[in-house]
Asks: 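Pasting a structure here, questions to come.
Here is how names work: the chains are called A, B, and so on, in the same order as the sequence lines, proteins then strands, and each is numbered from 1. These values consider heavy atoms only, across backbone and side chains, with no hydrogens, waters or symmetry-generated copies. This one's a predicted model, so the numbers in the text were calculated from it and none came from an experiment.
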Amino acid sequence: MNDSEPRDFIRKIIADDLESGKHTEIVTRFPPEPNGYLHIGHVMAICLDFGVAAENGGRTFLRLDDTNPGKESPEYVAAIKDDVHWLGFDWEDRLTHASDYFDRLYASAVQLIEQGVAYVDSLSAEEIRQYRGTLTEPGRNSPYRDRSIEENLDLFRRMYAGEFADGEHVLRAKIDMTSPNMNMRDPAIYRIRHVPHQNAGDKWCIYPMYDYAHGMSDAYEGITHSLCTLEFEDHRPLYDWFLDQLQPEHRPRQIEFSRLNLAYTITSKRKLKMLVDESIVSGWDDPRMPTISGMRRRGYPPQALREFVRRAGVTKKDKLIEMGALETCVRDVLGDAAPRRMAVLRPLKVVLTNYPEDRVELMEAMNHPANPDFGTRELPFSRELWIEQDDFMEDAPRKFFRLKPGGEVRLRSGYIIRCDEVVKNDRGDVIELRCSYDPDTRSGTGTSDRKVKGTIHWVSREHAVDASVRLYDRLFNDANPNAAEDVHSVLNENSLEVVAAKLEPSLADADEAVQFERLGYFCQDAQDSRPDALVFNRIVTLRDSWARLEKQALESQVS
RNA sequence: UGGGGCGUAGCCAAGUGGUAAGGCAUCGGGUUUUGAUCCCGUGUACCGCAGGUUCGAAUCCUGCCGCCCCAGCCA
């Protein structure tokens with residue numbers, strides 16, 4: 001670890017606790033509820049939980065917080081494990097469930113009753129709500145609040161035994177119905193739910209609530225620092241209350257930090273699930289989704305995600321981070337790691353009129369311009385080529401230094417060509433360019449030091465491989481769709497565009513992320529790509545200052 | 001109008017009484033067979049506002065304003 005690295009407030013607390021001798025080992029936990037897939041917000045928590053422990057030689061538990069059966073499933077458990085591993089973290093033998101502790105939790109609940117600080121309430125859910133009061137008015141005690149310990153014990157045992165229907169009774173902590181903190185107004189500890197559990201099966205029909213189960217699970221595991229997001233700040237007094245009452249061997253400390261929100265995306269499991277259920281996206285792993293599995297399928301490298309949250313920092317201030325910050329991290333990693341290739345997304349035919357019909361040359365091309373270790377490859381070059389439609393303009397502005405009538409351009413790793421003739425169809429669309437090449441300008445031969453301003457990519461028509469390429473855009477039009485009452489109203493209808501592309505031959509078996517030169521980073525879609533029907537995802541575009549200039553020019557015309 | 005948090009440049013974020021780091025973005029420029037990368041340079045931040053304490057305040061005090069969270073038998 002770099003000592004000069006500025007430390008966030010949590011890391012400072014931990015360093016202090018180590019220095020003061022309060023703790024000799026740091027133990028943390030990442031505790032997702034298996035009711036959905038992990039997303040970019042969880043990446044933050046994962047990196048923090050596993051990060052601070054690892055930095056201090058400590059341990060981290062992956063704990064599935066499965067106290068609410070019916071919403072949780074093994075599918076989500078499997079996905080969570082998969083995602084954490086992929087991100088680069090290892091819980092080793094410390095995979096646990098809140099449900100692993102149901103027996104101890106039950107015994108401790110009995111203890112709370114015996115201590116006279118928990119009681120069985122027989123009010124309905126609606127009545128309890130009314131008795132709770134409001135934000136500005138105190139609540140009132142339930143008429144069942146003063147039941148005897150014996151009666152409470154009996155009722156709770158019978159709740160456990162399955163003698164009651166859902167909702168008939170609930171076990172509550174006896175704290176203070178007039179507390180200004182709503183969480184302290186006799187919160188529920190156990191509720192009846194005749195529903196099988198994803199891990200415990202049908203053994204139980206009463207289940208502990210989060211506030212009770214979470215803190216005690218932390219204690220059982222010897223968690224020293226229980227890190228969670230800001231909305232649990234109000235729960236901390238309750239977290240501490242359970243520890244005070246039950247005096248477990250270990251006493252964890254809850255510390256809260258702000259969640260990470262990404263602009264133009266949502267990080268609500270409920271809303272993400274809605275996108276999946278309504279088939280607005282293809283699944284939890286749709287490459288447009290901010291889920292870890294979506295970003296993985298999209299082609300984001302795990303290092304980029306980790307770097308992104310590192311740059312974001314850990315504070316208590318609400319964050320809404322620009323998408324560009326994430327994309328920069330992705331480009332940073334891929335820029336070094338991805339081999340270069342050539343592909344044409346929107347093909348325009350070019351015929352080199354002075355190039356022999358049956359001739360094929362193999363052009364040597366660098367796989368990485370800055371790193372010779374990547375080696376070279378050979379690209380077939382022939383009379384008929386594909387170039388990008390965007391790389392030709394009939395009435396080009398002065399600053400456009402790609403191909404234009406009468407103009408010259410360099411074909412990357414190939415020759416300099418000149419556009420002699422523009423061929424159009426009946427509708428006036430440009431359908432072919434007739435060009436001539438300069439034989440003295442073959443790349444790498446050094447027989448000519450002629451320079452032209454522009455260099456464009458290309459693919460030999462005869463040797464090109466077809467592929468379907470998916471171009472992704474943000475899922476929402478609003479910078480903060482989390483705040484929108486209806487996500488449908490802020491959906492970007494054009495978040496996916498599919499294009500029939502022409503690839504250089506070597507791309508047929510690309511098994512890693514590559515850069516399509518001048519276009520961006522791409523990878524084969526792990527789900528849908530097949531050898532006879534290639535499908536590529538655009539991970540992220542390259543930074544494009546030309547596009548930016550064009551956009552500015554357009555805007556200045558309008559205004 | 002109860003309670004709990006948070007307010008430093010467009011977005012993040014250091015800084016805890018001595019005169020405002022850094023990253024991303026932006027805007028210039030250089031190199032370049034990717035308009036990429038890389039390299040330089042680029043910000044008058046009324047440190048939410050107003051008072052106060054002090055030789056000196058983003059840092060301490062008081063008052064105000066704004067934003068977020070809480071009334072699940074969800075987590």
Asks: Now, which nucleotide makes the Watson-Crick or G-U wobble pair with B:C38, with each of the two distances under 3.5 Å?
Replies: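 Paired with B:G30.
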Asks: Atom CZ of A:Phe232 and atom C1' of B:A75: how far apart are they, to the nearest Å?
Replies: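 A:Phe232 atom CZ is separated from B:A75 atom C1' by 5 Å.
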Asks: Heavy atoms only, 4.0 Å cut-off, all strands: where does A:Ala370 land among base, sugar-phosphate and nothing?
Replies: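 If one applies the 4.0 Å heavy-atom cut-off, A:Ala370 turns out to touch nothing in the nucleic acid.
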Asks: State whether A:Arg341 and A:Glu517 are salt-bridged, where the test is any N-O pair (Lys NZ or Arg NE/NH1/NH2 against Asp/Glu carboxylate O) under 4.0 Å.
Replies: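 A salt bridge is absent here (no side-chain N lies under 4.0 Å from a carboxylate O).
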Asks: So, is A:Thr67 near the phosphate of B:C74, with a side-chain N or O under 4.0 Å from OP1 or OP2?
Replies: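 No, outside the criterion.
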Asks: Would you say A:Leu38 and A:Pro32 make side-chain contact, with heavy atoms under 4.5 Å?
Replies: yes
Asks: Under the 5.5 Å and 30° test, is A:Tyr210 stacked on the base of B:A75?
Replies: no
Asks: Is there a Watson-Crick or G-U wobble partner for B:C46 with both distances under 3.5 Å, and which nucleotide is it?
Replies: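 Matched B:C46 with nothing under the 3.5 Å cut-off.
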Asks: Assess the pair A:Tyr239 and A:Phe232: is the distance between their ring centroids shorter than 6.0 Å?
Replies: no
Asks: Answer with base, sugar-phosphate or nothing: what part of the nucleic acid does A:His235 contact at a heavy-atom distance below 4.0 Å?
Replies: base
Asks: Can you tell me how far P in B:G28 sits from the matching atom in B:G63, rounded to whole Å?
Replies: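 Going atom to atom, P in each nucleotide, I get 49 Å.
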Asks: Using OP1 and OP2 only, check whether a side-chain N or O of A:Arg191 sits under 4.0 Å from B:A75.
Replies: yes
Asks: Does A:Arg341 put a side-chain nitrogen or oxygen below 4.0 Å from OP1 or OP2 of B:U34?
Replies: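 It does not, given that no N or O in the side chain of A:Arg341 lies less than 4.0 Å from OP1 or OP2 of B:U34.
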Asks: Looking only at atom C1', what distance separates B:C46 and B:G7, rounded to whole Å?
Replies: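 Pairwise C1' distance, B:C46 against B:G7, rounds to 15 Å.
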Asks: Could you tell me whether A:Ile128 contacts a base, only the sugar-phosphate backbone, or nothing, with contacts defined as non-hydrogen atoms closer than 4.0 Å?
Replies: base
Asks: Any base atoms under 4.0 Å from A:Tyr131, or only sugar-phosphate, or nothing? Heavy atoms, all strands.
Replies: nothing
Asks: Is B:C6 paired to anything, Watson-Crick or G-U wobble with both distances less than 3.5 Å, and if yes, which nucleotide?
Replies: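 B:G66 - that is the nucleotide pairing with B:C6, both distances being under 3.5 Å.
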Asks: Is any side-chain nitrogen or oxygen of A:Arg132 closer than 4.0 Å to OP1 or OP2 of B:C73?
Replies: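 So the side-chain polar atoms of A:Arg132 do come within 4.0 Å of the phosphate oxygens OP1 or OP2 of B:C73, strictly under.
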Asks: In the structure I gave you, are the side-chain heavy atoms of A:Leu379 and A:Arg377 within less than 4.5 Å of one another anywhere?
Replies: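 Yes. Closest side-chain heavy atoms under 4.5 Å.
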Asks: May I have the distance from A:Phe401 (atom CZ) to B:A36 (atom P), rounded to whole angstrom?
Replies: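 For the pair A:Phe401 CZ and B:A36 P, the rounded distance is 8 Å.
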Asks: Any base atoms under 4.0 Å from A:Gly167, or only sugar-phosphate, or nothing? Heavy atoms, all strands.
Replies: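 Here A:Gly167 touches the bases of the nucleic acid.
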Asks: Considering heavy-atom distances to RNA chain B, does A:Glu322 or A:Ser545 have its closest nucleotide positioned more toward the 5' end?
Replies: A:Glu322
Asks: In this structure, how many angstroms lie between the P atom of B:G72 and the CD atom of A:Glu127, rounded?
Replies: 15 Å
Asks: Distance between the C1' atoms of B:C65 and B:A50, in whole angstroms?
Replies: 10 Å
Asks: Base, sugar-phosphate alone, or nothing: which one does A:Arg340 contact when heavy atoms must sit under 4.0 Å apart?
Replies: base
Asks: Rounded to the nearest Å, what distance is computed from the CD atom of residue A:Glu364 to the C1' atom of nucleotide B:U33?
Replies: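 Taking atom C1' of B:U33 as the reference, CD of A:Glu364 is at 14 Å.
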Asks: Could you check, using the six-membered ring where one of them is a Trp, whether A:His42 and A:Tyr37 have ring centers closer than 6.0 angstrom?
Replies: no
Asks: Could you check which of B:G72, B:G2, B:U33 has an atom nearest any side-chain atom of A:Arg410?
Replies: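 Looking only at side-chain atoms, A:Arg410 lies closest to B:U33.
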Asks: Any N or O donor-acceptor pair linking the side chain of A:Glu256 to the base of B:G5 at under 3.5 Å?
Replies: no
Asks: From the set B:C73, B:U34, B:G5, return the single nucleotide nearest to any side-chain atom of A:Arg412.
Replies: B:U34
Asks: Could you work out the separation of B:G15 and B:U62 based on their P atoms and round it to a whole Å?
Replies: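 One P to the other, the span is 24 Å.
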Asks: According to a strict under-4.0 Å criterion, is A:Lys317 in side-chain N/O contact with OP1 or OP2 of B:A13?
Replies: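 For B:A13, OP1/OP2 do have a side-chain N/O of A:Lys317 under 4.0 Å.
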Asks: B:U1 and B:G66: how far apart are their P atoms, nearest whole angstrom?
Replies: 9 Å
Asks: Using a heavy-atom cut-off of under 4.0 Å over every strand shown, decide if A:Leu334 touches base, sugar-phosphate, or nothing.
Replies: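 No contact.
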Asks: Is A:Arg548 near enough to B:A25 that one of its side-chain N or O atoms lies under 4.0 angstrom from OP1 or OP2?
Replies: no
Asks: Closest-nucleotide mapping onto RNA chain B: is A:Leu519 or A:His214 further toward the 5' terminus? I mean the 5' end.
Replies: A:Leu519
Asks: Rounded to the nearest Å, what distance is computed from the CE atom of residue A:Met182 to the C1' atom of nucleotide B:C74?
Replies: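 Rounded to whole Å, this separation is 16 Å.
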Asks: Find the partner of B:A57: check Watson-Crick (N1-N3 plus N6-O4 or O6-N4) and G-U wobble (N1-O2, O6-N3) distances, both under 3.5 Å, and reply none if neither fits.
Replies: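 Looking at the geometry, B:A57 pairs with no nucleotide.
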Asks: Which part of the nucleic acid, if any, lies within reach of A:Asp234 when heavy atoms closer than 4.0 Å are counted: base, sugar-phosphate only, or nothing?
Replies: base
Asks: Counting just side-chain N and O atoms, does A:Arg450 come under 4.0 Å of either OP1 or OP2 of B:U33?
Replies: no
Asks: If only side-chain N and O atoms of A:Thr315 are considered, is one of them under 4.0 Å from the OP1 or OP2 phosphate oxygen of B:A13?
Replies: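 It does, given that an N or O in the side chain of A:Thr315 lies less than 4.0 Å from OP1 or OP2 of B:A13.
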Asks: Counting any heavy atom closer than 4.0 Å, what does A:Lys453 reach on the DNA or RNA strands: base, sugar-phosphate only, or nothing?
Replies: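 Result for A:Lys453 = nothing.
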Asks: Which part of the nucleic acid, if any, lies within reach of A:Arg172 when heavy atoms closer than 4.0 Å are counted: base, sugar-phosphate only, or nothing?
Replies: nothing
Asks: Would you mind telling me which of B:A75, B:C73, B:G35 lies closest to the side-chain atoms of A:Asp65?
Replies: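 Given the options B:A75, B:C73, B:G35, the side chain of A:Asp65 is closest to B:A75.
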Asks: Give one of base, sugar-phosphate or nothing for A:Pro237, where a contact means two heavy atoms less than 4.0 Å apart.
Replies: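 No contact.
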Asks: Does the ring center of A:Phe156 lie less than 6.0 Å from the ring center of A:Tyr190?
Replies: yes
Asks: Provide the distance between the two C1' atoms, one in B:U33 and one in B:C40, to the nearest whole Å.
Replies: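 Between the two C1' atoms, the distance is 23 Å.
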Asks: Is A:Lys316 near enough to B:G4 that one of its side-chain N or O atoms lies under 4.0 angstrom from OP1 or OP2?
Replies: no
Asks: Measure from CG on A:Asn482 to C1' on B:C68 and round the result to the nearest Å.
Replies: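 Result: 13 Å.
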Asks: Say we look at B:C12 and B:C64: how far apart would their C1' atoms be, to the nearest angstrom?
Replies: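 Going atom to atom, C1' in each nucleotide, I get 28 Å.
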Asks: Counting any heavy atom closer than 4.0 Å, what does A:Arg311 reach on the DNA or RNA strands: base, sugar-phosphate only, or nothing?
Replies: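 The residue A:Arg311 makes sugar-phosphate contact but no base contact.
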Asks: As a test of understanding, state which of A:Asp438, A:Thr455, A:Ile456, A:Ile417 forms a side-chain contact (heavy atoms from CB on, under 4.5 Å) with A:Arg410.
Replies: A:Thr455
Asks: Counting side-chain heavy atoms from CB outward, which of B:G35, B:C69, B:C74 is closest to A:Glu231?
Replies: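 The closest nucleotide is B:C69.
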Asks: Once you round it to whole Å, what is the distance between P of B:A75 and OH of A:Tyr76?
Replies: 16 Å
Asks: In terms of side-chain heavy atoms of A:Ile321, which of B:G35, B:C11, B:G5 is nearest?
Replies: B:C11
Asks: Take the protein atom NZ of A:Lys551 and the nucleotide atom P of B:G35, then report the distance between them rounded to whole Å.
Replies: 20 Å
Asks: Can you check whether A:Phe516 and A:His457 have ring centres sitting under 6.0 Å from each other?
Replies: no
Asks: Just checking A:Glu137: base, sugar-phosphate only, or nothing, at a heavy-atom cut-off of under 4.0 Å?
Replies: nothing
Asks: Considering only the P atoms, how many Å lie between B:A57 and B:A20, rounded to the nearest integer?
Replies: 12 Å
Asks: Does OP1 or OP2 of B:A25 have a side-chain N or O of A:Thr328 closer than 4.0 Å?
Replies: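 Looking at the OP1 and OP2 atoms of B:A25, one of them is under 4.0 Å from a side-chain N or O of A:Thr328.
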Asks: As a test of understanding, state which of A:Thr328, A:Leu326, A:Val333, A:Asp332 forms a side-chain contact (heavy atoms from CB on, under 4.5 Å) with A:Val330.
Replies: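 Output: one option passes, namely A:Leu326.
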Asks: Judged by modelled atom types alone, do A:Tyr415 and A:Asp440 share a side-chain donor-acceptor pair under 3.5 Å?
Replies: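 No, because no side-chain N or O of A:Tyr415 sits under 3.5 Å from a partner of the opposite role on A:Asp440.
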